Amino acid sequence: MDVQRPPVVVYPLSEGARRVTVRGEMVGRARDLADVREFLRRAGLEDPDLEDPALIDWRGGDGGVWAP
């Protein structure tokens with residue numbers, strides 16, 4: 001069975017930021033949603049829907065989790 005995984009993963013908060021990967025490659029450490037949007041823009045994903053589970057796998061909380 002081939003399970004399609006979202007191309008973007010935002011990992012749990014660690015040391016004040018959340019690691020972001022696109023297609024398995026780390027693109028940066030986001031401190032807020034603006035950082036996530038910028039990393040995705042640089043990866044060629046213009047105007048992404050940050051609530052789309054087919055696009056982003058939010059681990060350790062959704063896009064509202066930025067503080068311990």
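Predicted, not measured: the structure shown is a model, and the values here were computed from it. The figures here come from the full heavy-atom set of this structure, side chains too, leaving out hydrogens, waters and symmetry mates.
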When every non-hydrogen atom of Pro48 is compared with those of Leu45, the smallest separation belongs to CD-O, 3.4 Å
Can you check whether Asp57 reaches Val10 side chain to side chain, under 4.5 Å on heavy atoms? no
Please tell me if the side chains of Pro6 and Ile56 come closer than 4.5 Å, counting only heavy atoms from C-beta onward. no
If I take atom CG from residue Leu33 and atom CZ from residue Arg18, how far apart are they, to the nearest 0.5 angstrom? 8.5 Å
Within 45° cone of Trp66 ring axis and under 6.0 Å: Arg31 NZ or CZ: no
Which ILVMFWY residues can you reach from Leu13 by hopping between side chains whose heavy atoms are under 4.5 Å apart? none
Name the one of Arg19, Arg23, Glu25 that satisfies side chain to side chain contact (heavy atoms under 4.5 Å, CB included) with Thr21? Arg19
Least distance between heavy atoms, Ala54 atom then Pro7 atom: O-CD, 3.4 Å
Over all heavy atoms of both residues, which pair between Val8 and Val22 is shortest? Give the atoms and the distance, please. CG2-CG2, 4.2 Å
Between Arg37 and Glu46, is there a donor-acceptor pair closer than 3.5 Å when you use the side chain of the first and the backbone of the second? no
Honestly curious: do Met26 and Phe39 fall in one hydrophobic cluster under the side-chain, below-4.5 Å linking rule? no
Give the intermediate values and the outcome of side chain to side chain contact (heavy atoms under 4.5 Å, CB included) for residues Arg59 and Val9. CA-CA 7 Å; Arg59 298 185 183 174; Val9 178; 3.6 Å; yes
Tested for side chain to side chain contact (heavy atoms under 4.5 Å, CB included) against Leu40, the lone hit among Val27, Asp47, Leu50 is Leu50
Hey, any chance Val20 and Leu55 share a hydrophobic cluster, counting ILVMFWY side chains that come within less than 4.5 Å of each other, even indirectly? yes
